[in-house]
Participant: 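Have a look at this one.
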Amino acid sequence: MNPEVLRETATNLIGAYRTGKAIRSIRQHDTEPALPDAYEIQREQLNRWSADGESIRGFKVGLASVPAQKALDATQPILGRLTGRMIHPEHQPLDTKEFIRPRIEPALAFVLRDALRGPGVNAADAIRAVDFVLPALEISDSRIQDGPANAAEMAADNAGCGGVVLGGHPVHLPAADLRLCGCVLYRNGEVAATGAGGMALGSPLNALVWAANAAPAHGTPGSALEPGHLVIVPSLTTAVTAEPGDTVTTTIAGVGSVTAVLSR
Amino acid sequence: MTEALEIRSGDVRRAAEVLLEAERSVTARGPITAQWPDLDLHTAYTVQYEALQQRLHRGETLIGVKLGLTSRAKQIRMGIDSPSLAWLTDAMVLPAGVPLPREKLIHPRAEPEIVFVMGERLAGPGVTAATALAAVECVYGGVEIIDSRYRDFKFTLADAVADNSSSGLFVLGPVGRSPDGMDLLHEACLLEVDGQITDSATGAAVQGHPAEALALAANSLGARGLAIEAGAVVLTGGMTDAVHVRPGARVAAHFSTLGTVTIAGGTACRSST
């Protein structure tokens with residue numbers, strides 16, 4: 001795709017945030033963006049948000065599970081960027097009107113003490129760099145009508161980042177078995193989905209390693225995992241749709257619980 | 001062919017024989033409700049019980065029960081509000097480490113389960129999750145190999161119940177734990193097929209909690225004048241959807257605190273139907 005078309009696509013996506021109306025497709029003039037084009041479109045949006053004073057606070061690892069990848073015919077995860085406005089405290093009403101087609105799923109949030117600069121980051125590096133882990137709920141969204149058709153469309157749309165609700169009780173890595181920890185998602189008190197941490201690339205830690213190595217490949221800004229950054233790893237269970245008035249809670253064994261309240 | 005084996009409406013004994021014959025000859029057949037359209041759930045359990053008596057008569061030993069349809073979503077789809085029940089005999093035990101005996105199975109699928117071994121007899125009515133769990137001596141992880149006698153697993157609820165809820169084999173996990181202090185709601189299972197993590201779930205997927213499933217089972221059996229005996233093995237129902245186990249496949253179920261169960265798919269020995 002030529003730079004003009006990439007910028008046009010980024011403009012359309014940014015327009016969708018403003019109007020609350022999804023764009024019909026990422027395809028421009030019958031051309032489907034390849035993955036590198038898609039990350040260019042993502043970066044262009046990020047540049048404009050940065051110009052508006054938003055700062056990058058971390059990353060999301062999208063499509064971290066085999067079922068999520070299969071649904072979009074992908075073989076690897078997708079990296080998205082989190083800016084300050086996307087991060088919410090728990091129990092505070094969230095306005096669903098800020099989103100277009102929100103879905104909620106449990107996530108683990110790694111908070112980094114040290115930078116992780118790929119390529120070449122391994123699990124041991126990642127473990128040393130993690131300050132603490134928080135339970136989280138990830139609100140995914142799509143600025144594309146009917147959702148992304150493939151991994152590239154999802155990457156162009158900032159990996160479907162919508163918001164993150166962070167729990168407030170930190171745990172340290174050695175205290176939790178992030179691979180085999182059970183995770184239950186409740187919607188309005190009913191069990192909506194269950195799963196285990198290992199759904200994400202065999203272990204959420206592998207997703208952190210993947211993000212550290214993938215981030216530099218997609219250029220600045222946000223080309224490395226810096227101290228204080230959040231890395232959100234969802235995909236532990238299937239997602240539920242979020243309706244106004246819903247209360248969504250996840251409990252993650254050894255990590256804790258977090259609740260999102262959606263305003264009516 | 002098994003297809004020629006006829007079932008007449010109302011002939012419980014014949015229906016049980018035909019299903020056991022399909023199992024013995026490892027041949028899938030059509031649903032029995034095709035020949036017995038008004039087979040209701042109550043009568044289907046009578047067929048299942050008759051088949052159990054025939055199994056015992058040929059020398060098998062009753063060792064426990066298995067619960068099915070313990071996901072609330074599946075119960076709503078099937079129009080029931082309690083798990084389905086079926087019988088386990090010693091012929092259904094697959095020792096750990098032994099590949100699937102494919103010559104005995106039609107189209108095996110695997111599902112990870114929480115397994116209870118009962119310390120005390122449990123009989124409804126009036127059993128609650130708390131009293132049910134108090135009767136459990138030991139909790140294991142396990143993998144059930146289900147196998148339907150019906151072609152392509154196509155059946156009604158009554159067909160499945162008559163067919164002992166697609167019983168096949170089961171493998172017990174390596175770690176047995178006292179239920180005291182276990183968080184069965186969060187006990188998770190990570191399901192791996194040929195090295196790929198394909199699914200996961202926790203005990204909450206089993207009727208909200210495996211002890212809730214056990215209580216409902218004890219109350220259903222109590223209403224039929226039956227009980228879960230001390231020492232019985234109870235398979236509490238699939239945590240995830242069942243996965244096909246192809247020849248040469250390797251399926252592993254990794255539990256949070258109950259160890260790992262690995263199933264080797266075995267060698268293809270015949271064309272299955």
Side-chain angles (χ1 to χ4, degrees), chain A residues 63-71 74-77 105-108 135 171 175-207 210 233-240 249-257, chain B residues 70-76 81 111-114 129 139 141 173-175 177 181-213 236-241 243 251-261:
Chain A
L63 301 186
S65 72
V66 168
Q69 289 175 8
K70 280 190 173 157
T75 53
Q76 57 166 331
E105 62 191 275
L108 288 168
V171 292
D177 176 357
L178 297 186
R179 176 174 166 258
L180 293 176
C181 63
C183 172
V184 181
L185 180 66
Y186 298 88
R187 182 177 169 213
N188 301 328
E190 275 188 59
V191 174
T194 70
M199 281 306 279
L201 299 185
S203 166
L205 202 70
N206 296 339
W210 180 87
V233 181
S235 304
L236 312 188
T237 72
T238 52
V240 292
T249 295
T250 187
T251 56
I252 305 174
V255 178
S257 67
Chain B
T70 45
S71 128
R72 290 215 166 99
K74 280 185 199 159
Q75 286 172 3
I76 290 165
D81 54 10
E111 51 186 37
E113 305 194 17
I114 304 282
V139 183
V175 180
R177 301 185 66 202
M182 274 194 82
D183 181 358
L184 286 174
L185 188 88
H186 285 102
E187 180 71 23
C189 176
L190 199 57
L191 190 65
E192 182 186 332
V193 180
D194 293 335
Q196 211 172 44
I197 304 295
T198 56
D199 206 352
S200 66
T202 76
V206 182
Q207 203 75 46
H209 189 292
E212 297 285 359
T236 60
M239 300 169 76
T240 66
D241 283 341
V243 292
V251 175
H254 307 280
F255 291 87
S256 301
T257 70
L258 298 171
T260 293
V261 182

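Here is the naming used below: chain letters follow the sequence lines, and residue numbers restart at 1 for every chain.
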Participant: For the CD atom of B:Gln196 and the CD atom of A:Gln69, what is their distance to the nearest 0.5 Å?
Facilitator: 8.0 Å
Participant: Which distance, rounded to the nearest 0.5 Å, do you find between the CE of A:Met199 and the CG of B:Leu190?
Facilitator: 7.5 Å
Participant: Which one wins on heavy-atom pair count under 4.5 Å against chain A: B:Gly203, B:Ala204, B:Ala201?
Facilitator: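 With the most close heavy-atom pairs to chain A, the winner is B:Ala201.
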Participant: Minimum heavy-atom separation for A:Gly195 to B:Ser200, with atom names?
Facilitator: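 Minimum heavy-atom contact is CA-OG, 3.1 Å.
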Participant: Using 0.5 Å steps for rounding, measure from the CG atom of B:Leu258 to the CG atom of A:Leu180.
Facilitator: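 Interatomic distance, B:Leu258 CG to A:Leu180 CG, rounded to 0.5 Å: 10.5 Å.
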Participant: Which atom pair, heavy atoms only, marks the closest approach of B:Leu185 to A:Val184?
Facilitator: O-CG2, 3.8 Å
Participant: Nearest 0.5 Å, please: how far is CD1 in B:Ile197 from CG in A:Asn206?
Facilitator: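 Spacing of CG (A:Asn206) from CD1 (B:Ile197) equals 10.0 Å.
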Participant: Between A:Leu201 and chain B, which part of the residue has a heavy atom less than 4.5 Å away: side chain, backbone, both or neither?
Facilitator: neither
Participant: Can you name the closest pair of heavy atoms from A:Thr194 and B:Ala205 and give their distance?
Facilitator: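 Closest heavy-atom pair between A:Thr194 and B:Ala205: OG1-CB, 3.7 Å.
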Participant: Which bit of B:Glu187 is near chain A, if near means a heavy-atom gap under 4.5 Å: side chain, backbone, both or neither?
Facilitator: neither
Participant: B:Leu191 versus chain A, heavy atoms under 4.5 Å apart: side chain, backbone, both or neither?
Facilitator: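 Looking at B:Leu191, nothing touches chain A.
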Participant: Indicate yes or no: at least one non-hydrogen side-chain atom of A:Glu190 is less than 4.5 angstrom from one of B:Arg72.
Facilitator: no
Participant: Using non-hydrogen atoms and a 4.5 Å limit, figure out which bit of A:Thr251 sits close to chain B: side chain, backbone, both or neither.
Facilitator: both
